[in-house]
Q: 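Quick one: the structure is below, questions incoming.
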Protein chains: 2
Amino acid sequence: MRQAHESEMAEDYVELIAELIEARGEARPIEIAERLGVKPPTVTKNISRLKAAGLVRRERYRAIFLTEAGQQLAESCRRRHRIVVAFLQLLGVDEETAERDAEGIEHHVSKTTLAAFERALEKC
Amino acid sequence: MRQAHESEMAEDYVELIAELIEARGEARPIEIAERLGVKPPTVTKNISRLKAAGLVRRERYRAIFLTEAGQQLAESCRRRHRIVVAFLQLLGVDEETAERDAEGIEHHVSKTTLAAFERALEKC
DNA sequence: TAGAAAATTTAGCCCAAGCTAACTTTTCAG
DNA sequence: CTGAAAAGTTAGCTTGGGCTAAATTTTCTA
């Protein structure tokens, strides 16, 4: 069983990198640092971990891109994130809180629970 | 604003200590280690952190008890835990998965979201 | 009740993820 | 096209939470 078990760090980074690439065409360390509320050296270190894990492609001083594996992980994280946020809002949670809580919750939602959220969403 | 901001570690420990005290009258490091899937020295270290944080009362080589603050924290954690588990089950998630997911999710559920879960539970 | 077994602690290690200070590279404006 | 500003990296430190091995204390049992 190839249970990926990527860290929350990895998930947060690839998710954000995918967003930045979509919005700007590339992901820059300084933007990642700002968005994650972290300092640039921390980003440098973590990006090199993601590179070692085969999730990003990157040359020194250049922008960051996702590998195939990174894109796949990002896609499933973003999907899960959207579902969690939508589900919380369905329950009557305001958007801001839904976003904040989802960031913490999403990493702990199993396939089973995610499916349950989707069912609830379908039932309008 | 006295936002406690206890760590997940602290929450997990006081929650478990409260359970053990309820079940056995006292909480022993070795039981905590087994239940949390951690080795005894880790428990020793973390218990001394909880003591420094004013959450537990404890003498060397003796059982562990909760302070007033610890009891209050444990109570709110246990309540939140029960609500999260019940809510997941209400959605059709099996008990085992609900328990497993709740352990990760509970630490990230805001008051707002918890209230939303409760509302859903009341509506049967 | 003495000695073995079980429980607990101490010492010393590791790793992830954060930081600051200082340095290097890239970018941009004049 | 050059030099200052911005961006990125490196080095080295810190903290939390984990581990093993070894020492110590407590608890049983013969």
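To find a chain, count down the sequence lines: A is the first, B the second, and so on, and within it residues start at 1.
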Q: Send over the distance from I32(B) CD1 to dA7(C) P, rounded to a whole Å.
A: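 Distance, rounded to whole Å: 14 Å.
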Q: With the side chain counted from C-beta on, respond yes when E103(A) and E15(A) share a heavy-atom pair under 4.5 Å apart, and no when they do not.
A: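 A side-chain contact under 4.5 Å is absent here.
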Q: Under 3.5 Å, side chain of T112(B) to main-chain N/O of V93(A), donor-acceptor pair present?
A: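 Absent.
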Q: With the threshold set at under 4.0 Å for non-hydrogen atoms, list the residues of residues 57-67 of chain A touching DNA chain C in residue-number order.
A: Y61(A), R62(A)
Q: Check R24(A) with E31(A), please: is the shortest side-chain N to carboxylate O separation under 4.0 Å?
A: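 The answer is yes: the pair qualifies as a salt bridge.
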Q: Looking only at the side chains, is there a donor atom on one of H81(B) and E99(B) sitting less than 3.5 Å from an acceptor on the other?
A: yes
Q: Under 3.5 Å, which N/O atoms of the protein pair with N/O atoms of nucleotides 15-19 of chain C?
A:
from: dA17(C); atom 1: OP2; to: R49(A); atom 2: NH1; distance (Å): 3.2
from: dG18(C); atom 1: OP2; to: N46(A); atom 2: ND2; distance (Å): 2.8
from: dG18(C); atom 1: O6; to: K45(A); atom 2: NZ; distance (Å): 2.6
from: dC19(C); atom 1: OP2; to: K39(A); atom 2: N; distance (Å): 2.8
from: dC19(C); atom 1: OP2; to: T42(A); atom 2: OG1; distance (Å): 2.7

Q: Below 4.0 angstrom, N of the basic side chain to O of the carboxylate: do K39(B) and E34(B) qualify?
A: no
Q: Any salt bridge between E11(B) and R80(B), counting N to O under 4.0 Å?
A: yes
Q: Between R79(A) and E118(A), is the closest basic N to carboxylate O distance under 4.0 Å?
A: yes
Q: Decide, yes or no, whether a salt bridge links E95(B) with R100(B) under the criterion of side-chain N to carboxylate O below 4.0 Å.
A: no
Q: Is L90(A) close to F117(A) at the side-chain level, that is, under 4.5 Å between some pair of heavy atoms?
A: no
Q: Please verify the inter-ring angle class for F87(B) with F87(A); under 30° counts as parallel, over 60° as perpendicular, anything in between as tilted.
A: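 Plane angle between 30° and 60°, so tilted.
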Q: For chain B and DNA chain D, what are the first and last nucleotides along the strand, 5' to 3', with at least one atom under 4.0 angstrom from a heavy atom of the protein chain?
A: dG16(D) to dT27(D)
